[in-house]
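Only a predicted model underlies this, so the values are computations on that prediction, with no experimental measurement involved. Throughout, a chain's letter reflects where its sequence line sits, starting with A, and its residues are numbered from 1.
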There are 2 protein chains.
Amino acid sequence: MASIKDVAAEAGVSVATVSRVLNSHPSVSPAARTRVVAAIESLGYRPNAVARSLRTDQTRTLGLVISDVLNPYFTALARSVEEAARALGYSVIIGNADERPELQDHHVRTLLDRRIDGLLVSPTDGGSPLMLDTARSSTPMVFVDRWIPGVDVPVVRADGREAIRDLVAHLHAVGHRRLAIIAGPAATTTGSERVEAFREALRGYGIPLPDSYIGQGDFQADSGRRATERFLALPQPPHVIFAADNLMALGALDAIRAHGLRVPDDIALAAFDDIPWFVHTDPPITAIAQPTGDLGRAAVQALVDRIEGRQPRSVTLPARLVVRRSCGESPTDQRSNT
Amino acid sequence: MASIKDVAAEAGVSVATVSRVLNSHPSVSPAARTRVVAAIESLGYRPNAVARSLRTDQTRTLGLVISDVLNPYFTALARSVEEAARALGYSVIIGNADERPELQDHHVRTLLDRRIDGLLVSPTDGGSPLMLDTARSSTPMVFVDRWIPGVDVPVVRADGREAIRDLVAHLHAVGHRRLAIIAGPAATTTGSERVEAFREALRGYGIPLPDSYIGQGDFQADSGRRATERFLALPQPPHVIFAADNLMALGALDAIRAHGLRVPDDIALAAFDDIPWFVHTDPPITAIAQPTGDLGRAAVQALVDRIEGRQPRSVTLPARLVVRRSCGESPTDQRSNT
DNA sequence: ATCCTCCGTGTAATCGATTCCACAAGGAGG
DNA sequence: CCTCCTTGTGGAATCGATTACACGGAGGAT
């Protein structure tokens, strides 16, 4: 592959002049510029980003470590992050942690080794030593979706509290009184917060949330299946299962179906995170939708602010309830289908 | 961030010795090695991958350009590619083309600028000049899923021909005679092949495939919606719609639902690409499943073979039909629900 | 005519690693 | 005791860019 020296030779100038042309530095004569441009063209030259990064100490690359690429919520987030980054002239390298802390650490380390300009993380756990070190280090960092309490890093996320209150109101209006939740890992903020918000909303109606109605999941379909099995084996099974993410809802649906039960007549189901398929499941599933596009944009903006020396603030955006048919209907509910 | 010089100073040796320790070169005395390891530890030193890449002319990074991250088929593929690559000590940078050729070119260019060691591509179109140049260039390349005819690059893909024949046999047995297809872009191999295989299978039963029964899609949900609208507006609408990917099936389902029709009683639906949600749609959808895990592994293996100087061959794996309820049932069909 | 500016350009240092080559020390063999 | 080889080590070149600095020439001011 042609290097800057080849271009210089071809154009009959020094490498400095070629570099000036590449970086559109003003002091290059029109004649020289023309010759350089022609040489670049004829050699099909492209600057070596590796060499450039070494010299300038910036890669124009952002790292994004997400918890699970197979989760449609995170792929939507990843897509919007990439889009926003591209608009600002940055590339994105995605690391998929598969909800495994050691894999998350692997990606963080690899990204740091590559000297990415900034790191966007949706932490899988409460914070490994590596993650805490990184947060304290000079590499700009921003948490997205999930965060680690006590770590001084801006957070961009959606607040589901309000939407969960709406959901509980809806469930109560329909007539449900025995409500269960499949939680995410307690080590993640989204894992614990959603349970807390749910419990609090229930309290508003004087409904308790017994331990037997809290299933421990890990945001994967299988755990949703297992938690649901356990609920169904209870002497008093719940009327409603609220899954803290879409994959666990899928698992719950699997289990419910395996038991030959119908939704919502035998048991109702709701999920955190809305995905296109929820419109077409049997029945369409009531869910809480997060503004993934806005989250991605805000996260990139915050990170680039840090990179460029500005001081970003945390951003919290509202999530909203989308009522479908999986929880039954009350006379007062007006239906919304999209 | 500490550099190799700092480590050398701390350990009281030269940078050469530190480098030897880093690369586990044999001729370093145990004493020196110990001191270097201690220095690395105490400084928290991590080698700069950018500098290393510049010198060694290898990045231990693979590029993967896929057509659409939001398509679960491609995210599954991306995940298995990353996994296989990691096992061989490579990182993967994913570029999402969103089915847009210019975006695909953007990613290819960026990846090439970063001097990735090899490129995995699922081309969005018939081959831009850049793509053709790249195929001819010295950068190792392998096509995955889709390919570009006439370009001398190994291809790793699934062959759906057999499964499509099985699908048509199933549809015929159920009693369907008016079969339509929503095709992908003709510029993609998967776009045209699936139509061809479908047409050929129909021919086996003496059933024609009129142009009005071929919807032009672009692998996105919206196009599935539009094609379905057109089918339903026909004087003789089809009995069955076969969508050439899962997103267009989603769009078709949207349109069918908007018309107040029921699947499979009013119209049957089948899709290429199986995804977990198809088990829970109303009704569960008959689909053709590709072995994404094997595809990803085989693609990485082929690419790494090329990188390391071996001569890989193309790989074609079989896809298989998964019958569910969206096409109705014949007495002779034995049902399979997973 | 002389001096000063400014402009365009080239030389060379630099980023952080790897690696060729030279060299010193020590042991083996004659 | 001298030579030769092995082993461990350091100096310095190198990868491909960017950029500080020096310099020569043109043009304007005096």
Side-chain angles (χ1 to χ4, degrees), chain A residues 1-37 39-40 43-61 89 109-117 138-139, chain B residues 1-37 39-40 43-61 89 109-117 138-139:
Chain A
M1 206 160 280
S3 84
I4 195 170
K5 272 191 206 148
D6 303 316
V7 175
E10 173 88 6
V13 298
S14 74
V15 294
T17 300
V18 177
S19 177
R20 289 196 189 94
V21 171
L22 291 175
N23 297 284
S24 37
H25 186 96
S27 73
V28 179
S29 69
R33 184 180 308 273
T34 311
R35 292 215 310 288
V36 169
V37 169
I40 287 175
L43 292 173
Y45 168 76
R46 296 242 83 210
N48 183 328
V50 174
R52 189 187 292 228
S53 295
L54 177 61
R55 182 60 233 250
T56 60
D57 201 33
Q58 50 163 318
T59 50
R60 299 223 47 103
T61 301
R109 208 179 333 257
T110 309
L111 291 167
L112 255 27
D113 286 353
R114 286 168 185 275
R115 303 300 194 261
I116 45 148
D117 293 343
S138 61
T139 306
Chain B
M1 205 161 281
S3 83
I4 195 170
K5 271 187 209 151
D6 304 317
V7 176
E10 173 87 6
V13 297
S14 73
V15 293
T17 299
V18 176
S19 177
R20 288 194 191 96
V21 171
L22 291 175
N23 297 283
S24 36
H25 185 94
S27 75
V28 178
S29 69
R33 184 179 307 273
T34 311
R35 291 215 309 286
V36 169
V37 169
I40 288 175
L43 293 173
Y45 167 75
R46 295 243 83 211
N48 183 327
V50 174
R52 189 189 293 234
S53 295
L54 177 61
R55 183 58 234 250
T56 60
D57 201 33
Q58 49 162 317
T59 49
R60 297 222 50 102
T61 301
R109 210 180 328 263
T110 309
L111 291 167
L112 256 26
D113 286 354
R114 283 167 186 276
R115 302 300 193 261
I116 45 147
D117 293 342
S138 60
T139 306

| said: Can you list everything that forms a side chain to side chain donor-acceptor pair (under 3.5 Å) with R109(A)? Sequence neighbours excluded, please. | reply: none
| Difference in axis direction between the ends of the helix from dA1(C)-dT30(D) to dG30(C)-dC1(D), five pairs, 10° | 60°
| said: Run the side-chain contact (heavy atoms from CB on, under 4.5 Å) test against R60(A) and tell me which residues pass, sequence neighbours left out. | reply: Q58(A), Y90(A), D117(A)
| request: For T61(B), enumerate each residue passing the side-chain contact (heavy atoms from CB on, under 4.5 Å) test, keeping only those at least two apart in sequence or located in another chain. | output: R114(A), T59(B), S91(B), I93(B), I116(B)
| Do T139(A) and L112(A) come close enough that some side-chain heavy atom pair is under 4.5 Å? | yes
| query | Is the count of non-hydrogen atoms from other residues, nucleotides or ligands lying under 6.0 Å from N23(A) atom CG greater than 12? | reply | yes
| field | Nearest heavy-atom neighbours spanning D113(B) and R46(A) | value | OD2-NH1, 2.7 Å
Show every donor-acceptor pair shorter than 3.5 Å between a side-chain atom in residues 29-36 of chain A and any protein atom, with sequence neighbours excluded, or say none if there are none.
unit_1, atom_1, unit_2, atom_2, d
S29(A), OG, A32(A), N, 3.2
R33(A), NH2, H25(A), O, 3.4
T34(A), OG1, P30(A), O, 2.7
R35(A), NE, A11(A), O, 3.0
R35(A), NH2, A11(A), O, 3.3

| query | Can you find a heavy atom in the side chain of L22(B) that is under 4.5 Å from one in the side chain of I4(B)? | reply | yes
| Atom CZ of R33(B) to atom P of dT7(D): distance rounded to whole Å? | 14 Å
| message | Walk along nucleotides 12-22 of chain D from 5' to 3' and tag each nucleotide B, S or - by protein heavy-atom contact under 4.0 Å, base first, then sugar-phosphate. | response | -BBBBBBBB--
| query | Any side-chain N or O of S29(A) less than 4.0 Å from the OP1 or OP2 oxygen of dT9(C)? | reply | yes
